Peer 1: 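Quick one: this structure, given as structure tokens, is what I'll be asking you about.
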Amino acid sequence: MNGLTLWNARGDDAFGTSCPVCGGRLVGDAEKGEQVCLNCGCVTFAPADAGPEWKAMDLQEKAKRVRVGSPTTLSLQDMGLTTEIGRSGRDSRGNSIDPTMRATIEKMRKWQSRSRTNSSEERGLAIVLAKITELCQSLSLPDNVAETAAQIYRISAKMKVAKSKSIIGMTAATVYLACRKCGVSRTLKEVARAARMDKGSVARYYRLVLKEVEKEYVPPQSVDKYISKLINMAKINPKVELMALTLSRQTRDSKISSGKAPAGLAAAYVYLSSVLVGEHIPQREVAEFAEVTEVTVRNRCREILDNFVIRQVFEPSR
DNA sequence: ATGGTTTTTACTGCGTC
DNA sequence: GACGCGGTAAAAACCAT
């Protein structure tokens, strides 16, 4: 997907289940939570502010995102054999479904009711997996993250870790862990907000799952990922991204990054780059998008500038 | 629980447009 | 005067032990 990073100039309803340009099918990009159209190749991404106002659209989204004939998936209680099948008789592109397919769907529906969850355990599993899918959607996460989250939850359920734990808590924790494992940059804060939980509780559940299920160390998100994400969310000129990534690479492995919140560091790189490139985004805005304070941005900037000399190579402008 | 580190909060001062 | 920027002290949050 490298080099394909377009940004949504209109900033409106580009994120959906079908391509805003040609109506083609969108597939997720594991890197950034973007979606790419299989038909025309254009890239869309989630609206910058995942504020509460698009809760309303989540339900519609959910209804629209019916998966017909998709491959088996771990994020459904029965691996996807019992898809919730809409009654509209239309597929995800809005085309009507041909009779053969319709028959297949009917068969699936029949089998679905037969194999329906009978034990309470399985019912519980189904509920949580649905929650996971829902949370992933409201965070605009690619499918593979949902799958990973589902897998993590299955394991923790099997290990009885999830026993008598809050459903949203476990959901948020597994989704957050899945993000980290898949290298998708979503902060704990973002996950907590989407799950309507406070950060502290999600962190507690996260630790629990990490300790009991994952056991291995899951490295934090690289600064680069945050930079790309910031650029995408704030619809900043890609030139700035290039600059920020370059700076980030040059200064990697330096002491300045150890123990610091990657989001703050990324914000500092983006800010500095915006100045260097001549696009100049106020600290205030960068900080806001990175969900850190201006103070943090400033502190990171100072450390970067204290430790490195930035020599700008001016191109002859004619 | 604790102590060290980082981030946030709240406030102030400076220069510029 | 409003705005962007830089700084500071103290509180709060975080994290490893």
Side-chain angles (χ1 to χ4, degrees), chain A residues 48-51 161 165-166 168-170 172-181 183-227 229-231 233-237 239-240 243-244 247-248 251-310 312:
Chain A
D49 51 335
V161 175
K165 296 291 183 316
S166 116
I168 355 151
M170 287 303 295
T174 50
V175 169
Y176 179 59
L177 178 56
C179 283
R180 290 183 69 144
K181 286 187 82 170
V184 176
S185 46
R186 290 292 183 281
T187 58
L188 188 62
K189 210 188 258 180
E190 287 172 297
V191 176
R193 189 168 46 217
R196 297 162 187 278
M197 290 181 73
D198 65 291
K199 222 165 95 181
S201 326
V202 180
R204 264 208 310 285
Y205 281 102
Y206 172 66
R207 280 166 198 290
L208 177 80
V209 175
L210 197 65
K211 201 171 101 192
E212 301 296 330
V213 182
E214 193 58 28
K215 294 196 170 93
E216 283 169 36
Y217 174 65
V218 182
Q221 292 311 300
S222 73
V223 174
D224 289 7
K225 293 255 168 65
Y226 276 104
I227 292 175
K229 185 184 161 198
L230 257 179
I231 301 286
M233 291 201 315
K235 308 186 190 84
I236 300 167
N237 189 327
K239 266 199 304 189
V240 180
M243 186 80 223
L247 287 181
S248 151
T251 57
R252 175 161 317 157
D253 303 329
S254 148
K255 60 184 175 180
I256 60 168
S257 58
S258 74
K260 302 298 195 312
L265 202 53
Y269 282 123
V270 170
Y271 170 69
L272 286 176
S273 307
S274 79
V275 175
L276 288 173
V277 169
E279 293 275 319
H280 202 277
I281 306 145
Q283 292 176 356
R284 170 97 254 293
E285 280 179 41
V286 181
E288 195 179 319
F289 279 113
E291 303 204 44
V292 294
T293 39
E294 288 173 71
V295 181
T296 306
V297 176
R298 283 201 285 272
N299 288 340
R300 290 301 85 76
C301 280
R302 187 157 29 120
E303 284 161 16
I304 294 166
L305 295 174
D306 281 352
N307 287 278
F308 296 93
V309 181
I310 298 176
Q312 188 165 20

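Chain identifiers are assigned alphabetically (A, B, ...) following the order of the sequence lines, protein sequences preceding nucleic acid strands; residue numbering begins at 1 within each chain. These figures come from a predicted structure and were not determined experimentally. All values below were derived from every heavy atom in this structure, side-chain atoms included, with hydrogens, water molecules and symmetry-related copies excluded.
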Peer 1: Would you sort out whether A/Lys165 and A/Leu208 count as a side-chain contact (heavy atoms from CB on, under 4.5 Å), showing the intermediate values?
Peer 2: CA-CA 11 Å; A/Lys165 296 291 183 316; A/Leu208 177 80; 3.7 Å; yes

Peer 1: Determine whether a donor-acceptor pair (one donor, one acceptor, N or O, separation below 3.5 Å) exists between the side chain of A/Arg302 and the base of C/dG6.
Peer 2: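 In this structure, the two groups form no donor-acceptor pair.
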
Peer 1: Looking at A/Thr296, does any N or O in its side chain come under 4.0 Å of the phosphate oxygens OP1/OP2 on B/dT6?
Peer 2: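 No.
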
Peer 1: Considering just the side-chain nitrogens and oxygens of A/Lys199, establish if one lies under 4.0 Å of OP1 or OP2 belonging to C/dC14.
Peer 2: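 Yes, because at least one side-chain N or O of A/Lys199 sits under 4.0 Å from OP1 or OP2 of C/dC14.
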
Peer 1: Check the distance between B/dT12's C1' and A/Arg298's CZ and give it to me in whole angstrom.
Peer 2: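 Nearest whole value for this atom pair: 12 Å.
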
Peer 1: For a quick test of reading the model, state the closest non-hydrogen atom pair linking A/Thr187 to A/Tyr226 and the distance between them.
Peer 2: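 Of all heavy-atom pairs spanning A/Thr187 and A/Tyr226, the closest is CG2-OH, 3.5 Å.
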
Peer 1: Provide, to the nearest angstrom, the distance between the CZ atom belonging to A/Arg207 and the C1' atom belonging to C/dC14.
Peer 2: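 Atom CZ in A/Arg207 sits about 8 Å away from atom C1' in C/dC14.
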
Peer 1: Heavy-atom nearest nucleotide on DNA chain C for A/Pro282 versus A/Val295: which residue maps closer to 5'?
Peer 2: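 Mapping each residue to its closest nucleotide by heavy atoms, the 5'-most match is A/Pro282.
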
Peer 1: Could you grab the distance from atom OH of A/Tyr269 to atom CG of A/Asp224, nearest 0.5 Å is fine?
Peer 2: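 Between A/Tyr269 OH and A/Asp224 CG, I get 9.0 Å after rounding to 0.5 Å.
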
Peer 1: Please report the interatomic distance CD1(A/Ile236) to CG(A/Leu230), rounded to the nearest 0.5 Å.
Peer 2: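 Spacing of CD1 (A/Ile236) from CG (A/Leu230) equals 6.5 Å.
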
Peer 1: Would you kindly give the CD-to-C1' distance between A/Glu285 and C/dC5, to the nearest whole Å?
Peer 2: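 It works out to 14 Å between those atoms.
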
Peer 1: I need the CD-P distance between A/Glu294 and B/dC11, as an integer number of Å.
Peer 2: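 Atom CD in A/Glu294 sits about 15 Å away from atom P in B/dC11.
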
Peer 1: A/Gln283 side chain: which of B/dT8, C/dC14, C/dC5 is closest?
Peer 2: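 Selected nucleotide (nearest to the side chain): C/dC5.
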
Peer 1: Measure from CD on A/Glu291 to P on B/dT6 and round the result to the nearest Å.
Peer 2: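 Computing the A/Glu291:CD to B/dT6:P distance gives 22 Å.
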
Peer 1: Starting from P on B/dA10, measure out to CZ on A/Arg284 and report it in whole angstrom.
Peer 2: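 The answer, rounded to whole Å, is 13 Å.
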
Peer 1: Just N and O in the side chain of A/His280: are any of them under 4.0 Å from OP1 or OP2 of C/dC5?
Peer 2: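 Yes, A/His280 has a side-chain N/O under 4.0 Å of OP1/OP2 on C/dC5.
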
Peer 1: Rounded to the nearest 0.5 Å, what separation is found between the CE atom of A/Met243 and the CG atom of A/Leu272?
Peer 2: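 Separation between the atoms: 9.0 Å.
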
Peer 1: A/Tyr271 OH to C/dG6 P: how many Å, rounded?
Peer 2: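 That distance rounds to 5 Å.
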
Peer 1: With a non-hydrogen cut-off below 4.0 angstrom, is A/Ala203 in contact with a base, only sugar-phosphate, or nothing?
Peer 2: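 A/Ala203: no heavy atom of the nucleic acid under 4.0 Å.
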
Peer 1: Using atom CG of A/Asn299 as one end and atom P of C/dG6 as the other, report the distance to the nearest whole Å.
Peer 2: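 From A/Asn299 CG to C/dG6 P: 11 Å.
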
